[in-house]
Amino acid sequence: MVLPKQSIENKIIKRTTVGTLLSWGERFLARSGISSPLFCSEEILRFVLKKRKRSDLYLSDDTMVLQKAQVNEFYSLVERRGGRYPLQYITQEVGFLDFILKVHDGVFIPRPETEILVTETLKRLKDGVRYSVLDIGTGTGNIALSIAQYAPHAHICAVDISDDALRVAHENATRVGVSKQIDFKKSDCFLNIERGRTFDLIISNPPYIARSEFSSLEDEVRAEPYAALYGGGDGLDFYRHIVKEAPLFLNRRSLLSLEVGAGQAEAVKTILTNGNFRNSEIYKDYSHCNRVVIAEW
Ligand code: GLN
């Protein structure tokens, strides 16, 4: 489908309203094979018009004539989405549990599955205890700031190898109001954690895509940072590394909580057992896929 850009440049836009744009965007995205095309069209227009909620689009006067710059921005962003650029990188927002977090190109987009990692881990924590927590590969800070919010006595050290991620994570923690509970540190896993510093909980959603899986990844996923995706030949490198190093940094009677890729749970359980972790428990995600392994140290 050819974008009507030329005609937009050349003609005075008379009757371009919220309604006409939304349905044009929906049709364009549907033809490009994008799932949930109306939702995407709404989200992109919400972003362009700086509305807080999608429903605000429908509350605005549908006969309102939009500015040429807004219309052009909408067309060009819909076109980007049609080329499989992730919606969250366009709107620079992502929902996670009760939060709306900032995200942008170069930083891993949090997934709903990770909510299971956070909620199952939170269920293991007791009220009022001053837990010290290490979040490895914090990305947008979604795990760290959720734990800070729901376990208000916890203190979290959140590490990432990427400066970009650490900047966004810090911004998100500040927006949620939990930045005092979190210290952010640039570190490749445990590399820059002081020797002798120990934690009651180590939590991570590490990169876990195997080399052979890359060719079948959706284009949207490929737009995300390689370092946040690639988990070595069999996808399990980070689990082996974390399980090997974690004992140096864990207190007695502590927890190691890991998100795993589809089909990896049993292998990760074996890595944990061989590393002398006890009572590994597997939890399923929203699509009944084994997704989280929590073990005791
Ligand atoms: N901790 C972040 C998340 O779970 C980033 C994960 C990653 O970069 N692999 O969304």
Side-chain angles (χ1 to χ4, degrees), residues 86-89 92-122 133-150 154 156-173 176 178 182-191 193 199 201-211 213-214 217-218 220-232 235-242 246 256-262 264 268 283 285-286 289 291-294:
L87 179 67
Q88 295 91 337
Y89 285 164
Q92 294 171 21
E93 269 180 17
V94 57
F96 186 80
L97 292 171
D98 292 337
F99 314 104
I100 303 287
L101 305 179
K102 282 267 155 209
V103 68
H104 60 65
D105 205 336
V107 180
F108 183 83
I109 302 167
R111 305 295 202 273
E113 294 82 60
T114 308
E115 295 175 349
I116 309 284
L117 172 71
V118 170
T119 52
E120 289 302 337
T121 302
L122 283 167
V133 180
L134 174 64
D135 171 23
I136 298 178
T138 197
T140 55
N142 52 325
I143 297 173
L145 63 83
S146 307
I147 291 185
Q149 175 82 347
Y150 297 116
I156 300 110
C157 174
V159 302
D160 205 288
I161 196 172
S162 149
D163 289 316
D164 247 6
L166 288 169
R167 259 192 301 275
V168 173
H170 197 272
E171 189 186 333
N172 281 326
V176 170
V178 293
I182 309 177
D183 65 286
F184 293 99
K185 210 183 200 20
K186 183 166 179 166
S187 181
D188 182 359
C189 289
F190 299 96
L191 203 63
I193 308 288
F199 301 92
L201 163 68
I202 295 178
I203 186 165
S204 184
N205 171 25
Y208 53 61
I209 312 278
R211 190 177 297 127
E213 290 171 326
F214 264 87
L217 287 182
E218 289 175 353
E220 280 90 343
V221 180
R222 261 190 263 226
E224 293 185 76
Y226 182 78
L229 300 174
Y230 183 57
L236 299 172
D237 278 6
F238 282 90
Y239 302 106
R240 283 186 284 264
H241 180 70
I242 291 172
L256 177 55
S257 226
L258 299 167
E259 182 170 327
V260 301
Q264 292 176 335
V268 171
Y283 301 87
D285 66 17
Y286 302 116
C289 178
R291 185 57 70 184
V292 168
V293 187
I294 302 181

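Hydrogens, waters and symmetry mates play no part in the numbers below; they use all other heavy atoms, side chains included. Numbering of ligands and ligand atoms starts at 1, following listing order. These numbers come from a predicted model, not from an experiment.
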Participant: Considering non-hydrogen atoms only, spot the tightest contact between Pro225 and Gly106 and give its length.
Facilitator: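 Of all heavy-atom pairs spanning Pro225 and Gly106, the closest is CG-O, 3.4 Å.
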Participant: Only heavy atoms count here, so choose which of Ala165, Ala158, Gly137, Gly139 is nearest to atom 1 (N) of ligand 1.
Facilitator: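 Among Ala165, Ala158, Gly137, Gly139, the closest heavy atom to atom 1 (N) of ligand 1 belongs to Gly137.
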Participant: Write down the atom of Arg111, the atom of Val221, and the distance for their closest heavy-atom approach.
Facilitator: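 Between these two residues, the closest heavy atoms are NH2-CG2, 4.0 Å.
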Participant: Within the 4.0 Å heavy-atom shell around Pro110, which atoms of ligand 1 are there?
Facilitator: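 The list of qualifying atoms is 10 (O).
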Participant: Does Asp98 have any salt bridge (charged side-chain N to carboxylate O under 4.0 Å, His left out) partners at least two apart in sequence or in another chain, and if so, which?
Facilitator: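 None.
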Participant: Taking only residues two or more places apart in sequence, or in another chain, which ones meet Asp237 in a salt bridge (charged side-chain N to carboxylate O under 4.0 Å, His left out)?
Facilitator: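 For Asp237 the salt bridge (charged side-chain N to carboxylate O under 4.0 Å, His left out) partners, ignoring immediate neighbours, are Arg240.
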Participant: Quick test: of every protein heavy atom, which one is nearest to atom 10 (O) of ligand 1, and how far off is it to 0.1 Å?
Facilitator: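 In this structure, atom 10 (O) of ligand 1 has Asn142 ND2, 3.1 Å as its nearest protein heavy atom.
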Participant: So which protein heavy atom does atom 8 (O) of ligand 1 come closest to, and at what separation?
Facilitator: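 Looking only at protein heavy atoms, the one closest to atom 8 (O) of ligand 1 is Ala228 CB, 3.3 Å.
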Participant: Just checking Tyr226 against Phe214, ring centres under 6.0 Å apart?
Facilitator: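 Close enough - the centres of the two rings lie under 6.0 Å apart.
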Participant: Which of the atoms of ligand 1 are close to Ile143, meaning less than 4.0 Å from one of its heavy atoms?
Facilitator: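 Contacts of ligand 1 toward Ile143, numbered from 1: 1 (N), 4 (O).
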Participant: Measure across Asp163 and Lys186 and return the closest heavy-atom pair with its distance rounded to 0.1 Å.
Facilitator: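 Between these two residues, the closest heavy atoms are OD2-NZ, 2.9 Å.
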Participant: Which residue supplies the protein heavy atom nearest to atom 4 (O) of ligand 1, what is that atom called, and how far is it?
Facilitator: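 The answer is Asn205 ND2, 2.8 Å.
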Participant: Mind checking whether Ile109 contacts ligand 1 via backbone (N, CA, C, O), side chain (CB onward), both or neither, at a 4.0 Å heavy-atom cut-off?
Facilitator: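 It is neither part, as no heavy atom is under 4.0 Å.
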